[in-house]
Amino acid sequence: MFESSHPFEFFDYFRVPYQITPAASDDLPAGVGRLMPTDQVGTRGGALLWLPADSSGRPRRSYRLGRYRLNGFTFVARVSTKLPTAIQGAVGAGWHQTDPILDTDGNRVSAIWRDEHGSVFLPFDPAEAMRSLWSESYTTVGSAALLRIARITMIRGYYVLRPVLPRRAQLALRRVLARRQGSPTFPAWPIEHSLHDLYGWLFAVSTCLAGRPVPWLDPWPGGKSWALVLTHDVETDVGYADMRLLRDGERAHGYRSSWNFVPERYEVDDDTVRELVEDGCEIGVHGLRHDGRDLASRRMVDQRLPAMRAHAAKWGAVGFRSPATQRSWDLMPLLGFDYDTSYPDTDPYEPQPGGCCTYLPFFNQHMVELPITLPQDHTLFEILEHADGALWVSKASDIRARGGMVLVLAHPDYARNQRMALAWEQLLDEFADDDTVWQALPREVASWWRRRQDSTLLPDGDGWKVQGPAAGEGRVRLTTYLPALTSTQP
């Protein structure tokens, strides 16, 4: 349906059919990416132009790395402050600015450009914008870096004091820290839609270029419209003894869940593992000792990984979650697990604040990342002292409406808190009879995401079919064709 001179990661992510056909040197300036509908190749028809972030021909001087606003959503990337000379004659003439791009102070720094043939120039690379949020590299840009350092310093100071503080004093101090942290403007809490709004905007651009609906592969198998994943971190022997406080309610509603154990902090007996697996649940590895050091450095990973992998093999575990959601984009793939679920979508209250800004899975090299997309129970009920599960249900309903993944983390260690216990039951009850949901285990979501990634869409008469490992499960969806360029939610 489309031809592109360079890989187009947005299409790869949503499995939109296109082929890469490198342009001739006299047809396109060096370092310029061009995406065109197949039936317009070789014509003066409209095209999408951009300068890939990893292109050696990219003019660095006119590009500014920062956080920007476009059509109401936030993105982070290097943005060209002007229309590069190489672009001006690439497709047509009559280039003019349309949608403004604003900096964090609201100043116009650039814009989307269009020409008389309907071509569009993006002064940033969509792939860079996507990866900067997934990887949390946006936290190192501009004032966000200073704020991040201040927050991490403040919270790490608390963790230094925590071992000598009684439980009541720990909670009081965390509540003070939470009030000091406040609610950031980006990523917004408890939900941040910007990345998904960027997806919708790119779909709208592509659809207008094609002049007809664009096919893409649904995120979920079997025609389900959203996913619900229940996970638990068992942090202490107290939580280990209280697992039934969460599992009994799940079982009554017919849910399955994942249980992440800490191998060297308490004893995990074989009978418990076997009973959970026979009950349809999954076992995962929650670090080694829950001391916040598993991902402190490459050296520490090398020291601890053999023991973690040994316990994973014993339990049949293919998934990992880091204690205190400590995470490193570069180190996570070295763990060798099938998936990781240490990244929140947005969370300013964790020892490592930030978030990947998405409620869909994504890849970090070969590892599937499954983001935690509901606020953690300890944060919500122990620190912020919410009275019930209204926020859980509200955010889950919002993600459901957008076709995302609701992945919740609840700890049996805190299940004796009556507010948390009632909220857990409220959440389970809310979606127990929803026939649109895929209630899956994390390993099932990761496996599906790999099958989906390895599948393509092919023409099939007047429609499209799925070819590859997702055939039979995958569903083709179509964007809505809009004659004017407006944002659409895929």
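Predicted model only: the values in this text are computed from it and were never measured.
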Handout entry: Pair R416-D242, salt bridge (Lys or Arg N to Asp or Glu O under 4.0 Å): steps then yes or no
Key = CA-CA 8 Å; R416 292 190 179 275; D242 282 346; 2.9 Å; yes
Handout entry: Derivation of the salt bridge (Lys or Arg N to Asp or Glu O under 4.0 Å) call for E136 and R327
Key = CA-CA 10 Å; E136 299 181 294; R327 52 203 184 271; 2.8 Å; yes
Handout entry: Sidechain-backbone polar pair: R450 side chain, H366 backbone, donor-acceptor under 3.5 Å
Key = yes
Practice task
For T373 and L407, indicate whether the former's side chain and the latter's backbone hold a donor-acceptor pair under 3.5 Å.
Solution key: yes
Handout entry: Between CD on residue E264 and CG on residue L288, distance to nearest 0.5 Å
Key = 4.0 Å
Exercise for the section: Could you pull out all residues at least two apart from H311 that satisfy ring-ring contact (aromatic ring centres under 6.0 Å, His included)? Expected result: W315
Problem - D413 and Y240 side chains, donor-acceptor separation under 3.5 Å - result: no
Practice task
Consider only side-chain N and O atoms of S447 and W449, and report whether a donor and an acceptor are under 3.5 Å apart.
Solution key: no
Exercise for the section: May I ask you to decide if P375's main-chain N or O and T379's side chain share a donor-acceptor pair within less than 3.5 Å? Expected result: no
Contacts table for residues 217-224: side-chain donor-acceptor under 3.5 angstrom, sequence neighbours left out:
{"unit_1": "D218", "atom_1": "OD1", "unit_2": "W220", "atom_2": "N", "d": "2.9"}
{"unit_1": "W220", "atom_1": "NE1", "unit_2": "G403", "atom_2": "O", "d": "2.9"}
{"unit_1": "K224", "atom_1": "NZ", "unit_2": "D435", "atom_2": "O", "d": "2.9"}

Exercise for the section: Is it possible for you to check whether R131 lies under 6.0 Å from the centre of the six-membered ring of F362, through NZ or CZ, and within 45° of that ring's axis? Expected result: no
Handout entry: Matching residue for C357 among Y138, W134, F75 - test: side-chain contact (heavy atoms from CB on, under 4.5 Å)
Key = Y138
Problem - Distance in Å, L374 CG paired with D347 CG, rounded so as to fall on 0.5 Å steps - result: 11.5 Å
Show me, pair by pair, the donor-acceptor contacts under 3.5 angstrom made by side chains of residues 457-473, not counting sequence neighbours?
{"unit_1": "E473", "atom_1": "OE1", "unit_2": "R451", "atom_2": "NE", "d": "3.0"}
{"unit_1": "E473", "atom_1": "OE1", "unit_2": "R451", "atom_2": "NH2", "d": "3.4"}
{"unit_1": "E473", "atom_1": "OE2", "unit_2": "R451", "atom_2": "NH2", "d": "2.9"}

Handout entry: Close side-chain approach of F8 and D12, heavy atoms under 4.5 Å
Key = no
Practice task
Flag this pair as yes if the NZ/CZ of R419 is under 6.0 angstrom from the six-membered ring centre of F381 and inside a 45 degree cone about the axis; otherwise no.
Solution key: no
Exercise for the section: Applying side-chain contact (heavy atoms from CB on, under 4.5 Å), name anything that partners D237, two or more places apart in sequence or on another chain. Expected result: Y266
Practice task
May I ask you to decide if P7's main-chain N or O and S4's side chain share a donor-acceptor pair within less than 3.5 Å?
Solution key: no
Handout entry: Test: D279 and R274 ion pair at under 4.0 Å
Key = no
Exercise for the section: With H232 as reference, evaluate H286, R247, E250 under the side chain to side chain donor-acceptor pair (under 3.5 Å) test and give the passing residue. Expected result: E250
Exercise for the section: Decide whether E192 and T346 meet the rule of one side-chain donor and one side-chain acceptor closer than 3.5 Å. Expected result: no
Practice task
Determine yes or no for a side-chain-to-main-chain donor-acceptor pair under 3.5 angstrom, with H411 supplying the side chain and G239 the backbone.
Solution key: no
Donor-acceptor contacts under 3.5 Å from residues 421-430 side chains, at least two apart:
{"unit_1": "E425", "atom_1": "OE2", "unit_2": "H253", "atom_2": "NE2", "d": "2.8"}
{"unit_1": "Q426", "atom_1": "OE1", "unit_2": "G389", "atom_2": "N", "d": "3.0"}

Practice task
Could you tell me whether Q19 atom CD has more than 12 heavy atoms of other residues or ligands within 6.0 Å of it?
Solution key: yes
Practice task
Classify the side-chain pair Q352/Q326 by whether it contains a donor and acceptor separated by less than 3.5 Å.
Solution key: no
Practice task
Keeping the roles fixed (side chain from R400, backbone from W226), state whether a donor-acceptor pair exists under 3.5 Å.
Solution key: no
Handout entry: Between S342 and T325: side-chain donor-acceptor atoms closer than 3.5 Å
Key = no
Problem - Heavy-atom check, side chain of P126 versus side chain of E9, under 4.5 Å - result: no
Handout entry: H196 side chain vs Y359 backbone, donor-acceptor pair below 3.5 Å
Key = yes
Exercise for the section: For the residue pair D197 and S194, confirm or rule out a side-chain donor-acceptor distance under 3.5 Å. Expected result: no
Practice task
Compute whether any side-chain donor of one residue and acceptor of the other, for Q376 and Y414, lie under 3.5 angstrom apart.
Solution key: no
Practice task
Mark yes or no for whether Q439, through its side chain, and R256, through its backbone, hold a donor-acceptor pair below 3.5 Å.
Solution key: yes
Exercise for the section: Kindly say whether F124 contributes a backbone atom to a donor-acceptor pair with the side chain of R78 at under 3.5 angstrom? Expected result: no
Practice task
Look only at the side chain of D377 and the backbone of A410, and say whether a donor-acceptor pair between them is shorter than 3.5 Å.
Solution key: no
Completion exercise
Separation between CG (L409) and OG1 (T231), nearest 0.5 Å, reads 4.5 Å
Exercise for the section: Specify the closest pair of heavy atoms between R265 and R289, including all atoms of both residues, with the distance to one decimal. Expected result: CD-O, 3.8 Å
Handout entry: Residue pairs involving residues 313-326 (criterion salt bridge (Lys or Arg N to Asp or Glu O under 4.0 Å); sequence neighbours excluded)
Key = D233-R321, D270-K314
Practice task
Carefully, step by step, assess D248 and R251 under the rule salt bridge (Lys or Arg N to Asp or Glu O under 4.0 Å).
Solution key: CA-CA 5 Å; D248 286 352; R251 190 182 292 108; 3.2 Å; yes
